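All values reported here derive from a predicted model rather than from experimental measurement. Ligands are counted one by one from 1 in listed order, and the atoms in each one are counted from 1 as well.
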Amino acid sequence: MSIIVQKFGGTSVADSNKILAAARKAIRAQEEGHQVVMVVSAMGKNTDKLIALAKEIDENPPAREMDMLLSTGEQVSVAMVAIAIQHLGYKAVSMTGAQIGIKTNNSFMKARIESISTDRIRKALNDGNIVIAAGFQGVDDNFNITTLGRGGSDTTAVALAAVLNAESCEIYTDVDGVYTADPRVVPKARRVKQISYDEMLEMASLGAGVMHSRSIEFAKNFDVPVHVRAAYSDESGTMIVADPESYERAVCGVAIAKDEVRFSICGVPNVPGMADRIFRPIANRQIAMDMIVQNFGMDGKAEISFTIPATELSSTLKALDEVKSNVPEAYDTFSYDNNLAKVSIVGLGMERQIGVAEKMFETLAAKNINIQMISTSEIKVSVLVAKDQGAEAARAVHEAFELGTTPSDVKPLVKPEMISDEEKIRLINRLEHMEDLLIESVNLDETQASVTLFDLPQEPGLASNIFRRVTEAGIIVDMIVQSSGDKFTNLTFTVERACASAALELANSVAAELGCSAPKTCPNVAKISLSGTGMRSHTMIAARILKAMADNKINIDMINTSEMRFNLVVNEEDGQRALEVLKNELKDVIAD
Ligand code: ADP
Ligand code: ASP
Ligand code: MG
């Protein structure tokens, strides 16, 4: 019999009436002939309330005890849903993460799933029960209760759907699907019928809170079709599948992260290994960094900037203190700014269209919004702006890319094919631990050059001015990184080698107009790209890459990351060696 997993978020089980409504949805699916597994979150804002309660005593409560505390939220809901189903005359059994057998590692508050045993669930289903599983929680090898990180019930649901080879995983929430932007921020956002795993993963990781990004890693790795829909209606919702809604659009959505913190670390000696020294303690704490930019100053020292979510501020401060006490020369000072929002455009079609980043910069310039940092990759462009301009920036960009209108070339909704049980088992066996990262390929690109502009003025319109001219000159840009640290506002971009001198000439004229230092070009750079699913959220990958480069004395000129890629630019002479080093160092996680 086919299995359906239905997940209900906090708002969808916020009171007894909603719990009864959720129960009826599950009963209906069972009546239609499916076996049903429900995954439920804590009722309403219970998780927030529990966090606030702990903070009444300690601002930084111990993580193990937080997991003990927070897991109670879901325990209440599973019992309530089971009571509701039984009250309606059907068989139901509730289970905690530990009772199901969701084994995780011991990273409290952001544990990763290692394995799930299905015996108990299957037995309960075969006995005619609707099984109600507590979302967001698991248990480690020492029977400690763990949680998967905020929003983690989505990941429980997709993981269960994966191991049970469910026909579909339905995510019932307080919106009727995935929109081109958060509809609370961008009222003109449009619901999409389908979105690809890659785009959803990137959107979620960049702030689209409708799905926990790790749930999409699961969905992609285990081929689980995910159906996001409203708990309050029968609207058709959004399918998250391998095939996107439309290939023709460069941009599929806008994501906004309202609470970003940018760190600038000054006076980092420009010798291989320093980035690793700084980033490892951060990665060890499983803090996912984004927008990593390294600028070189005239004094031979570098300034490293990166962003983290505001929730990671205190752990990042601790990590940097640890760096300073272990390696006093690693940096001189650091500062941070937590008054920022990150606005990103995401789209698989971006790689094939020129002028996408430029259009975003131009839109923000027209609104007089200053861009404080830029980082691009094949599938996204992210900018940092002042927090109070984040929503305006998102709305403007959404408008500029006409995301509110339905494209004419939308493909019909294709029901994804189920994969066989044997294939699923093969997939599951492939990963020793279910959430392990698999790097699909490591590539070397020796066709690019880089151009850097130094000491740029901090004002709206700067990036737009530069990239409008670059686009007009027919120069195709690949990577762009700009950071405004304490000392620098530098901007580096890569272009095809044939365009290097034209790009430098253009940079020279911009620099002369703005009265800043002479731009620099590296006519031959090598770009190494590592592709996988969840490259950014598996924080140790960045740390391992940086360490491998450091151990082999290879200097990294540029870094950019997305969930799908980790790109680094090195000197051409080091390119081949860097490729070999990475292939060797990461062989345990590279697919054969
Ligand atoms: P749940 O409790 O059901 O897990 P969440 O609050 O985690 O619900 O996620 C739903 C919310 O995600 C919506 O209310 C919406 O404000 C927000 N959201 C952010 N980005 C998007 C998007 N692109 N599409 C739809 N909703 C989004
Ligand atoms: N209750 C948890 C939270 O609020 C998990 C979830 O809702 O997905 O983060
Ligand atoms: Mg959620």
Out of all atoms in ligand 1, which are within 4.0 Å of some heavy atom of [X]? Include the element for each.
X: V178; result: 24 (N)
X: G10; result: 2 (O)
X: K7; result: 4 (O)
X: P183; result: 25 (C), 26 (N), 27 (C)
X: D174; result: 10 (C), 11 (C), 13 (C), 14 (O)

| request: Name the closest protein heavy atom to atom 7 (O) of ligand 1, giving the residue it belongs to and the distance to 0.1 Å. | output: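 Looking at atom 7 (O) of ligand 1, the protein heavy atom closest to it is G209 O, 3.5 Å.
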| Nearest protein heavy atom to atom 14 (O) of ligand 1, by residue and atom, and its distance? | R184 NH2, 2.6 Å
| request: For the residue pair E435 and N105, confirm or rule out a side-chain donor-acceptor distance under 3.5 Å. | output: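 Absent: no donor and acceptor within the cut-off.
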| field | Donor on one side chain, acceptor on other, T147 and D67, under 3.5 Å | value |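 On atom types as modelled, these side chains qualify, holding a pair under 3.5 Å.
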Interatomic spacing from [atom1] in [X] to [atom2] in [Y] - rounded to 0.5 Å:
X: T539; Y: I282; atom1: OG1; atom2: CD1; answer: 10.0 Å
X: K380; Y: D198; atom1: NZ; atom2: CG; answer: 14.0 Å
X: I27; Y: E32; atom1: CD1; atom2: CD; answer: 12.5 Å

| Between V175, T173, I195, which one has a non-hydrogen atom sitting closest to atom 8 (O) of ligand 1? | T173
| field | Best match, V210, D154, V228: closest heavy atom to atom 12 (O) of ligand 1 | value | V210
| message | Can you tell me how the ring of Y336 sits relative to the ring of F263, calling it parallel under 30°, perpendicular over 60° and tilted otherwise? | response | tilted
| said: Strictly by side chain to side chain donor-acceptor pair (under 3.5 Å), give each pair with a member in residues 35-54 just once, sequence neighbours left out. | reply: Q35-N126, S41-S153, D48-R150
| said: Please output the residues near ligand 2 using a strict heavy-atom distance under 4.0 Å, listed in chain and residue-number order. | reply: S41, A42, T47, E74, F136, R150, G151, G152, S153
| query | Within a radius of less than 6.0 Å around CD of E65, do more than 12 heavy atoms belonging to other residues, nucleotides or ligands occur? | reply |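 Atom CD in E65 is crowded, with more than 12 foreign heavy atoms closer than 6.0 Å.
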| field | Pairs meeting criterion ring-ring contact (aromatic ring centres under 6.0 Å, His included) with involvement of residues 357-389, two or more places apart | value |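 Those involving residues 357-389 are F361-F467.
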| query | Under 4.0 angstrom from ligand 1, any heavy atom of A181? | reply | yes
| Heavy-atom gap A231 to ligand 1 smaller than 4.0 Å | no
| query | Is there a side-chain contact between R112 and Q286 (heavy atoms, below 4.5 Å)? | reply | no
| Which residues share a salt bridge (charged side-chain N to carboxylate O under 4.0 Å, His left out) with K342, sequence neighbours left out | E260, D290
| note | Partner of T180 under side chain to side chain donor-acceptor pair (under 3.5 Å), picked from E402, R191, H398, K188, is H398
| Considering all protein heavy atoms, does one lie under 4.0 Å from atom 24 (N) of ligand 1? | yes
| query | Quick check: does D182 get an N/O under 3.5 Å from an N/O on ligand 1? | reply |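 Such a contact does occur with ligand 1.
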| request: Indicate yes or no: does an N/O atom of Y179 lie under 3.5 Å from an N/O atom of ligand 1? | output: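 In this structure, Y179 places an N or O atom under 3.5 Å from an N or O of ligand 1.
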| query | Yes or no on side chain to side chain contact (heavy atoms under 4.5 Å, CB included) for D15 and M80, after CA distance, side-chain angles and deciding distance? | reply | CA-CA 10 Å; D15 56 39; M80 288 296 289; over 6 Å; no
